[in-house]
Structures are given as C-alpha cells and as structure tokens.
Amino acid sequence: IIFQDLPKVPSLATAHGASMGLAFVVFFPLGALLVRLIKSKHSVGIHATCQLIGMSLTIAGLATGIRLARIIGPLHNDPHTILGTFIVAALLLQPIIGYIHHRKYIRTQQRSAWSTIHVWYGRALLLLGIINGGLGLQLAKESPAYSEPGMIVYSILAGLAGV
C-alpha cells in the first residue's frame, strides 16, 4: 500500500468507473446503433468516432485502474481485474477486424465473414464489459468512492445497452 497516495483513491476510483462506464454503456452501444440507424455516407465515420471515443475512455480507465491498484495493493487475483484486462486486450483487435470488414465491404458491397466476426465479437466484448462493470461496482461497494445513485444509473444504462 502506498500510504501517501491513499487520498487519491476515491478520485481515481471515480475516474476509472466513470470512464469505463461511459465507454461500455454509452459510446460503444451508441456507435453500434448509429451505424445501423443512420443511412448516409457519414454513418461509418460516426460509428468510428463513437468507437474511438469509447476506446480512448477504455484506455484511460485502464490507466486509472492500474494506478489505483498500485496504490491500494495488488488486485491481480480479483475477477474484475482479470476480466477487465482481458477485455481491454481483446478490444484492441476490434478496430483491425472492423477495418478488414470495411475494406471487403467497400470492394464487394456485400457483407462477409469478417462482418459477422466484427459484429458478434463487438457484442461479446460489450456484454463482458457491462458484466465487468457490475463486478467493479461490487468491488467498490465498501469504498468511499461508491455511490448508490451511480450504481443505479449504471444499472439502468447497462440494461438498456444490453437490450
């Protein structure tokens, strides 16, 4: 435990939860929805922008989570930490798969196996991210950063995103 940094724990925990929550229950689902709902030449750009914001928030959340874990002690055996690290690593493949899908679609104007992989891989990561958010809220329940209203808002948004 890094005692001199303990006062930073609540703000780091809040930043971690907020950035990951925004990524997985707002920006990633919004980007997935908008690419299907907006029928224009800009839909892919809007989708990519939402996903890039989500990815940026996820990386920021990972950084704050690592900093938090270094202050309060090792959390490497916690399910939230293990699943979260896996999700972030797996998420790094999604833009590559999306790029391949997009290039093939531009060439053929038809969906390919890459399209199916991109969509279902994204859905699986989104669902895992939402579940991991719940695990994170459980982990933070005894923390001063925990907020009952925050948990309720997360739960509502996570339920909507899951649907």
Side-chain angles (χ1 to χ4, degrees), residues 11-68 79-141 145-163:
S11 59
L12 284 170
T14 300
H16 172 73
S19 62
M20 291 300 210
L22 282 170
F24 282 93
V25 301
V26 176
F27 285 100
F28 288 142
L30 184 64
L33 279 175
L34 291 179
V35 76
R36 297 196 183 282
L37 295 178
I38 297 174
K39 302 296 181 200
S40 84
K41 64 181 182 176
H42 303 292
S43 62
V44 172
I46 293 167
H47 169 72
T49 301
C50 284
Q51 305 312 58
L52 183 61
I53 292 168
M55 183 72 81
S56 299
L57 286 166
T58 301
I59 292 168
L62 175 66
T64 56
I66 290 169
R67 179 74 178 116
L68 186 62
H80 173 71
T81 306
I82 295 166
L83 183 57
T85 304
F86 168 79
I87 292 166
V88 174
L91 195 59
L92 296 175
L93 289 174
Q94 184 66 334
I96 297 165
I97 297 167
Y99 179 77
I100 294 168
H101 143 71
H102 184 66
R103 297 297 301 170
K104 284 194 170 283
Y105 184 82
I106 292 295
R107 234 183 3 253
T108 66
Q109 293 296 303
Q110 293 180 352
R111 296 184 67 149
S112 67
W114 287 103
S115 306
T116 305
I117 292 167
H118 180 64
V119 168
W120 284 99
Y121 187 70
R123 288 175 181 165
L125 290 176
L126 183 64
L127 182 59
L128 287 173
I130 289 169
I131 291 168
N132 202 45
L135 293 174
L137 285 168
Q138 274 187 319
L139 184 63
K141 200 158 194 153
Y146 181 79
S147 140
E148 190 79 23
M151 190 272 302
I152 292 168
V153 169
Y154 178 82
S155 299
I156 291 168
L157 291 175
L160 290 172
V163 168

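What you see is a predicted model; the values in this text were computed from it and never measured. Computation of the quantities below employed the complete heavy-atom set of this structure, encompassing side-chain atoms and omitting hydrogens, waters and symmetry-equivalent molecules.
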Hey, does Tyr121 have a side-chain heavy atom less than 4.5 Å from the side chain of Gln94? yes

What are the two closest heavy atoms between Pro29 and Ala23, and how far apart are they? CD-O, 4.0 Å

Nearest atoms (heavy-atom pairs only) where Gly150 meets Ser147: N-OG, 2.8 Å

How many angstroms lie between atom OG of Ser112 and atom CD1 of Ile100, to the nearest 0.5 angstrom? 9.5 Å

Among pairs that include at least one residue of residues 85-95, which meet salt bridge (charged side-chain N to carboxylate O under 4.0 Å, His left out), considering only residues two or more places apart or in two chains? none

Smallest heavy-atom separation, Ala90 atom then Leu125 atom, equals CB-CD2, 3.7 Å

Rounded distance (nearest 0.5 Å) linking atom CZ of Arg107 with atom NE2 of His102: 11.5 Å

In a table with atom names and distances, give each donor-acceptor pair under 3.5 Å that connects a side chain of residues 50-59 to protein atoms at least two apart or in another chain.
from, atom 1, to, atom 2, distance (Å)
Ser56, OG, Leu52, O, 2.9
Thr58, OG1, Gly54, O, 2.8

Angle between ring planes, Phe28 versus Phe24, binned at 30° and 60°: parallel, tilted or perpendicular? perpendicular

At what distance, to the nearest 0.5 angstrom, does NE2 of His101 lie from CD1 of Ile96? 15.0 Å

Does the side chain of Val119 reach to within under 4.5 Å of the side chain of Arg111, using non-hydrogen atoms? yes

Taking all non-hydrogen atoms of both residues, which atom of Ser19 and which atom of Ala60 are closest, and how far apart? OG-C, 4.2 Å

Are any of the side-chain heavy atoms of Asn132 and Leu128 separated by less than 4.5 Å? no

With side chains defined as the heavy atoms from C-beta onward, is the minimum distance between Val88 and Met20 less than 4.5 Å? yes

Output the distance between atom NZ (Lys141) and atom OH (Tyr146), rounded to the nearest 0.5 Å. 4.0 Å

Please report, to 0.1 Å, the donor-acceptor pairs under 3.5 Å made by any side chain of residues 33-46, with sequence neighbours excluded.
from, atom 1, to, atom 2, distance (Å)
Lys39, NZ, Arg36, O, 2.8
Ser40, OG, His42, N, 3.0
Ser43, OG, Ser40, O, 3.1

CD1 of Ile87 to CD1 of Ile82: how many Å apart, nearest 0.5 Å? 12.0 Å

Could you check whether the rings of His80 and His16 sit parallel, tilted or perpendicular, using 30° and 60° as the cut-offs? perpendicular

Kindly indicate whether the side chain of Ile130, heavy atoms from C-beta on, has any atom under 4.5 Å from the side chain of Tyr154. yes

Crowding at CZ, Arg123 (>12 non-hydrogen neighbours, <6.0 Å): yes

Value rounded to 0.5 Å, distance of CG in Leu93 from CD1 in Ile117: 11.5 Å

